[in-house]
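Ligands are counted one by one from 1 in listed order, and the atoms in each one are counted from 1 as well. Keep in mind the model is a prediction, meaning the values are calculated, not measured.
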Amino acid sequence: MRSHPPSPIWHPFTQHALDPVTTRIVRTEGAYLIDEHDHSVLDAISSWWVITHCHRHPIIMEAIRTAAETFDQIIFAEYTHEPAEELARELIRLAPPGLKHVFYSDSGATSVEVALKMALGFFHNAGDPRSRIVVMEHGYHGDTIGTMSAGERGVFNAAYSPLLFNVETIPFPTPGREQETLDAFERLCYGQEVVALLVEPLILGAGGMKMYPPYVLTELKRIAECYGSLLIADEVMTGWGRTGTLFACEQAGITPDILCVSKGITGGALPLAATLCSAEIFDAHLSSDRRRTFFHSSSYTANPIACAAAVANLIVWQNEPVLKRIEALEKMHRERLEPFRTDPRFINVRQSGTIAALDLDVSTSGYLSDVGLQLRAFFRHRDLLLRPLGNVIYLMTPYCVTPEDLDRAYAAIDEAAEVFGRARK
Ligand SMILES: *Cc1c(COP(=O)(O)O)cnc(C)c1O
């Protein structure tokens with residue numbers, strides 16, 4: 001075994017006192033991470049939901065190499081470049097109809113911050129003094145101050161609460177009680193003060209892979225429209241085929257006023273995000289009065305190499321049968337989930353497109369429940385990268401995953417239930 005000097009790195013979402021970071025990855029390939037001891041680890045969560053097709057898709061990597069021959073970072077005020085222009089045109093073509101403008105940034109959280117600022121700017125510039133932001137219970141939109149404010153409050157952000165602003169929350173539409181969510185939203189809208197509803201379409205990811213039916217989203221959009229409020233769809237996780245369609249909003253037949261995309265936009269190869277909006281929102285910022293400018297930028301806005309990677313990702317979508325692959329993956333999950341549906345050791349066996357989730361029936365739950373950490377270690381020993389959210393075990397693999405890979409993952413889940421579950425088969 002090779003030994004390494006102590007590392008100065010502070011890793012994300014890591015309790016260094018309990019969970020030392022010891023696995024050094026030297027290469028990625030297909031659905032696998034390969035470590036320095038030549039172990040292949042199945043990346044069953046797509047490296048935190050970013051890798052869509054596979055690690056190092058050759059078309060995307062080639063596009064990165066080619067772009068690096070001519071570009072590095074270019075200031076994006078006053079200047080533009082073809083990778084960003086081409087990507088914007090393609091995003092508008094592929095997104096739900098009616099979205100007309102693209103604002104670039106570099107992470108999912110930032111794309112949501114941009115969306116919130118666009119929404120507030122829209123009403124501010126229209127002289128309509130609205131101020132309330134509505135979010136859904138259990139939502140997650142990132143870890144910046146603004147997105148933490150809009151997300152579920154809890155142990156993750158307790159220390160930072162002095163900086164967080166207040167938002168209104170509507171209940172998660174639990175099965176059979178969807179109307180309560182709609183009623184709560186309508187009540188909030190009634191006073192005409194709601195700027196926007198910010199929501200993850202169809203599936204709340206970090207909140208525990210909680211799924212709700214498309215018609216709820218359709219209705220939420222209808223209510224927002226009725227009261228002149230905006231709908232912001234955070235498709236940072238759901239975009240790029242995860243839920244079975246390119247964007248989850250398609251299944252609800254809606255066009256949000258603002259759409260946030262990131263993660264799979266480059267196939268997961270490089271950081272990039274985009275916030276798409278309607279003509280009305282862009283036009284509200286269009287003025288001879290400079291005070292109406294959209295005041296936002298980050299240094300690496302529209303990095304040309306990242307944009308080229310995203311353009312290549314769209315070429316992959318166009319030239320390869322990606323939706324067919326997704327359909328096949330959906331079916332593979334459906335078949336493998338079937339026996340778990342009647343398994344007393346699990347509850348809430350569910351699926352949205354390529355995402356499969358099931359809750360291990362244990363006496364404790366919640367993200368910090370020991371079972372989540374124990375499960376993580378259990379899977380790690382089996383060369384499976386899975387990070388259960390407490391007792392919520394989920395699979396969100398790259399689309400290149402094989403039936404054999406999935407068999408191995410589901411066998412490990414079955415085995416884990418024997419070890420950690422409350423009920424026995
Ligand atoms: C991951 C995620 C984000 C944050 O994206 P980052 O790139 O990590 O900032 C925002 N919204 C949703 C729904 C996400 O899943």
Side-chain angles (χ1 to χ4, degrees), residues 11-14 43 45-52 103-119 133-154 156-157 160 164 167 169 172 196-212 217 220 231-243 246-249 252 256 258-276 296 298-303 306 309-310 313 352-355 357 367 387 389 392 394-397:
H11 287 264
F13 271 79
T14 299
D43 188 357
I45 59 164
S46 299
S47 279
W48 257 343
W49 318 347
V50 300
I51 304 295
T52 47
F103 191 95
Y104 287 114
S105 59
D106 40 32
S107 73
T110 313
S111 75
V112 175
E113 297 264 353
V114 164
L116 292 172
K117 285 176 70 171
M118 279 180 178
I133 301 290
V134 182
V135 301
M136 189 178 275
E137 178 193 18
H138 303 305
Y140 175 80
H141 303 285
D143 284 324
T144 56
I145 300 296
T147 54
M148 275 194 296
S149 300
E152 184 78 3
R153 303 294 169 94
F156 307 101
N157 42 45
Y160 326 118
L164 304 188
V167 295
T169 305
F172 176 79
L197 170 66
L198 165 64
V199 70
E200 294 162 83
L202 306 193
I203 167 164
L204 277 53
M209 298 297 154
K210 291 181 170 1
M211 302 176 190
Y212 64 92
L217 188 59
L220 288 170
L231 186 104
I232 304 171
D234 176 357
E235 293 234 24
V236 170
M237 183 200 82
T238 51
W240 312 106
R242 291 288 182 203
T243 69
L246 182 60
F247 297 110
C249 283
I258 306 179
L259 174 72
C260 306
V261 291
S262 185
K263 291 191 172 134
I265 191 173
T266 58
L270 285 175
L272 184 69
T275 308
L276 280 62
H296 192 92
S298 52
S299 307
Y300 287 100
T301 300
N303 177 269
N313 172 45
S352 174
T354 68
I355 306 168
Y367 181 87
R387 287 177 66 97
L389 302 156
V392 179
Y394 72 91
L395 293 167
M396 194 192 304
T397 68

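Evaluation of the side-chain hydrogen bond (donor to acceptor under 3.5 Å, both in side chains) rule for Thr14 yields no partner, not counting sequence neighbours. Checked against side-chain contact (heavy atoms from CB on, under 4.5 Å), Ala306 has the following partners two or more places apart in sequence or in another chain: Leu270, Leu272, Asn303. Remark: Tyr140 pairs with no residue by the ring pair (Phe, Tyr, Trp, His ring centres under 6.0 Å) rule, at least two apart or across chains.
Between the side chain of Glu200 and the main chain of Ala233, no donor-acceptor pair closer than 3.5 Å is present. The closest donor-acceptor contact from the side chain of Ser149 to the backbone of Leu164 lies at 3.5 Å or more, if one exists at all.
For Ile355 against Met237, the heavy-atom pair with the smallest separation is CD1-CE, 3.8 Å.
For ligand 1, the protein residues within 4.0 angstrom (heavy atoms only) are Trp49, Ser107, Gly108, Ala109, Tyr140, His141, Gly142, Glu200, Asp234, Val236, Met237, Lys263.
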